[in-house]
Amino acid sequence: MTTLKAVRGTRDLLPPETALWNRIEATARAVFARYNFGEIRTPVFEDTALFSRGVGEETDIVSKEMYTWEDRARAQSEKTQTLTLRPENTAGVVRAYIEHKLGETGQLQKLYYIGPQFRRERPQKGRYRQFSQIGAEVIGPPSAGSESPLRDAEVLEMLATLLDELGIEGWTLHLNSVGSSADRARYNDALRAALVPVVGQMCADCQRRAVTNPLRVLDCKVPADQPIIDTLPVIADSLDEASKAHFAAVTAALDAAGVPYTRNHRLVRGLDYYTRTTFEFTHGGLGAQNALLGGGRYDGLSEMIGGPKAPGIGFAMGEDRLVLTLQTQNPAAPQVLVDAYIAPVGEAMNAAALNLARELRRQGLWVELGDGSFRLKKSFEAADKTARQIVILGEDEIQTGILTVKNFSTGVQTKVPRGELAVFLAEPAGA
RNA sequence: GCGGCUAUAGUUCAGGGGCAGAACGCCUGUCUGUGGCACAGGAUGUCGUGGGUUCGAUCCCCACUAGCCGCCCCA
């Protein structure tokens, strides 16, 4: 029989690595709570139309990266539906916002999510076909202040705080405004016009992009093209007064809060729904996938998928990339040791050992249970790898009610009455 | 989807057309109620999968699969 393996681009996460994932998620939840975000969980698959309309038919994600299938009709009367594993989560959140009429509350909705997303791309470091995103959205009717630049600034400030608390060192916030859709159309025309005389001197990719998607020329990394790109118009000059004022208010608030950022005129994001503020937090050491997270404002998304006017701003962090970054920063993750390893001496002690373990675990101690069939030496070897202390439970200990505890970091061995055991074991090593 | 590199023990890797290797880890013993250190011994495996060339392939060739790197794009 052929051995089954995790399918391409998916992977198993095992201990101790999962501890890091849990720490990241716990930190994110704690920070979101302080900013009054609540958790939303949307389905992992949705009607395909949600993504084609919301994310954009022409985007790479929709045109070639989605896992899509025809759902079987179970009855004659039932129509087949085309479903898709979510490639991102913002569209799903906005769909839920519309479906549950959250706009009718009149309140700003602040929602966060943590969960798997799916894109059928060529796997690479920091890029998987099933990957996890941690994201949040601030969305609501304009009367709730959802269009305020303060919301943009607050989200960015929260992200800076979150990355700091996660221990991510050396991140950079790239900030730009892509304006309204009208601004973007105007800029596209300007860019096309400016490219005509110079594109002949640029790389093959740029020559193609100049035709298909001029904004992508700004992403070019070919050194020889950079001087030419520097001469192209910047989108800031194509913004209308309202977009300019919005952006100025965002940067002013960031300055006041002391959040560092760099204005990046070339930051154009790939999803159709972005308007005005767009941003990316990047980190070196991730290779070609240097973006830890990306996001922006999406003032028209709700209406694009048939909802009420509901401006919003949000982001998605690549959890896999956070893990990679933290692992690179700190390659030697310390082994987590349990408080005590209980070593029964002889199989006759097994039952008593389970009872002792139960007692200690119920008092909150982390306890590993050995086996009386092991020679004591073997118990010590096993215990040394997994626990801070070993508790020996043999005939002597049962007779006297006084247990033998040895601390591995100090090497000190102590006799402890059973009644005091939990308190003794809970004390940190060397205390 | 395209291009480059890679695939050998649990792990990290060396090797090379004719008995499959190292280090670490693992097991046993020196030590029948005491770990780490030391010493002595031991087991590792379909050499990614399938085909081809050859007397003989883990090694050479082809395809496939997977990983890494780059492109595209993105988290």
Side-chain angles (χ1 to χ4, degrees), chain A residues 2-11 14 55-56 58-65 86-90 113-135 159 203-206 208-209 212-213 215-216 219-222 267-271 274 279-283 286-295 314-325 341 343-346 349 370 372 374-397 403-413:
Chain A
T2 44
T3 48
L4 295 168
K5 305 192 311 185
V7 306
R8 181 164 214 206
T10 71
R11 59 213 179 112
L14 308 171
V55 177
E58 298 308 316
T59 60
D60 276 30
I61 292 177
V62 172
S63 64
K64 57 186 196 195
E65 295 174 1
R86 62 185 185 197
E88 57 97 59
N89 217 332
T90 298
Y113 59 84
I114 298 176
Q117 318 292 336
F118 307 85
R119 292 181 201 172
R120 199 180 181 293
E121 294 183 274
R122 179 84 168 247
Q124 213 178 104
K125 184 174 190 174
R127 189 164 77 192
Y128 309 98
R129 289 182 172 183
Q130 174 176 332
F131 58 101
S132 179
Q133 287 189 333
I134 300 175
L159 283 166
C203 70
D205 279 337
C206 282
R208 182 177 47 74
R209 292 176 183 128
T212 59
N213 191 351
L215 287 178
R216 286 276 148 230
D219 280 343
C220 180
K221 284 152 196 142
V222 176
L267 180 67
V268 289
R269 301 194 50 75
L271 281 53
Y274 285 119
F279 56 86
E280 223 173 67
F281 283 71
T282 61
H283 193 274
L286 276 172
Q289 279 66 243
N290 66 347
L292 283 172
L293 68 93
F315 63 87
M317 317 178 57
E319 191 174 4
D320 304 75
R321 293 182 184 177
L322 294 175
V323 169
L324 273 172
T325 302
Y341 180 105
V345 182
M349 293 297 116
F374 294 171
R375 290 175 38 213
L376 197 59
K377 174 187 167 67
K378 182 169 171 175
S379 289
F380 264 80
E381 287 169 348
D384 191 30
K385 288 174 193 122
T386 56
R388 293 168 33 231
Q389 305 164 89
I390 185 170
V391 178
I392 298 164
L393 184 64
E395 289 292 351
D396 295 353
E397 284 78 10
L403 295 151
T404 308
V405 178
K406 187 161 183 181
N407 183 307
F408 287 118
S409 54
T410 63
V412 174
Q413 189 157 310

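Lettering follows sequence order; numbering is per chain, from 1. What you see below is based on every heavy atom in this structure, not just the backbone, and it leaves out hydrogens, waters and symmetry mates.
- When only modelled atom types and interatomic distance are considered, A/Thr404 and A/Glu397 share a side-chain donor-acceptor pair under 3.5 Å.
- Of the two residues near RNA chain B, A/Arg119 and A/Arg8, the one whose nearest nucleotide lies more 5' is A/Arg8.
- Between the C1' atom of B/U65 and the CZ atom of A/Arg129 lies a distance of 12 Å, rounded to the nearest Å.
- Here the C1' atom of nucleotide B/C74 and the CG atom of A/Leu215 are 16 Å apart, to the nearest Å.
- When all heavy atoms of A/Phe131 and A/Pro87 are compared, the pair lying nearest together is CZ-O, 3.9 Å.
- No salt bridge links A/Lys385 with A/Glu381; every basic N to acidic carboxylate O contact stays at or beyond 4.0 Å.
- Partner assigned to B/A66 is B/U6, using Watson-Crick or G-U wobble distances below 3.5 angstrom.
- Whole-Å rounding puts the A/Phe374 CZ to B/C27 P distance at 10 Å.
- Set against B/U34, B/C72, B/U28, the side chain of A/Lys378 has B/U28 as its closest nucleotide.
- Between B/G33 and A/Arg375, no contact under 4.0 Å exists linking OP1 or OP2 to a side-chain N or O.
- An OP1 or OP2 oxygen of B/G1 is reached within less than 4.0 angstrom by a side-chain nitrogen or oxygen of A/Arg120.
- Contact between the side-chain N/O atoms of A/Lys5 and the OP1/OP2 oxygens of B/G67 is not found at any separation under 4.0 Å.
- At a threshold of 4.0 angstrom between heavy atoms, the contacts of A/Phe315 with the nucleic acid are absent.
- At a threshold of 4.0 angstrom between heavy atoms, the contacts of A/Gly135 with the nucleic acid are absent.
- If you take CD of A/Glu381 and P of B/U30, they are 12 Å apart, rounded to a whole angstrom.
- Between the side chain of A/Glu397 and the base of B/G33, at least one donor-acceptor pair of N or O atoms lies under 3.5 Å.
- Going from atom CD of A/Gln133 over to atom CE of A/Met317 covers 10.5 Å, rounded to the nearest 0.5 Å.
- Base orientation at B/C59 is anti, since its O4'-C1' glycosidic dihedral falls outside 90° of 0.
- In terms of phosphate contacts, A/Gln413 brings no side-chain nitrogen or oxygen within less than 4.0 Å of OP1 or OP2 of B/U34.
- For a distance-only test at 3.5 Å, the side chain of A/Arg127 qualifies as a donor-acceptor partner of the base of B/C73.
- Atom P of nucleotide B/C27 and atom NZ of A/Lys377 are separated by 10 Å, given to the nearest angstrom.
- If you check distances only, the side chain of A/Arg122 never reaches the base of B/C73 with a donor-acceptor pair under 3.5 Å.
- Between the side chain of A/Asp320 and the backbone N or O of A/Ser132, at least one donor-acceptor pair lies under 3.5 Å.
- A/Lys406 contributes a side-chain N or O that forms a donor-acceptor pair with the base of B/G35 under 3.5 Å.
- Shown here, B/G33 forms no base pair; nothing in the strands shown gives a Watson-Crick or G-U wobble contact with both key distances under 3.5 Å.
- At the heavy-atom level, A/Thr404 lies under 4.0 Å from base atoms of the strands shown.
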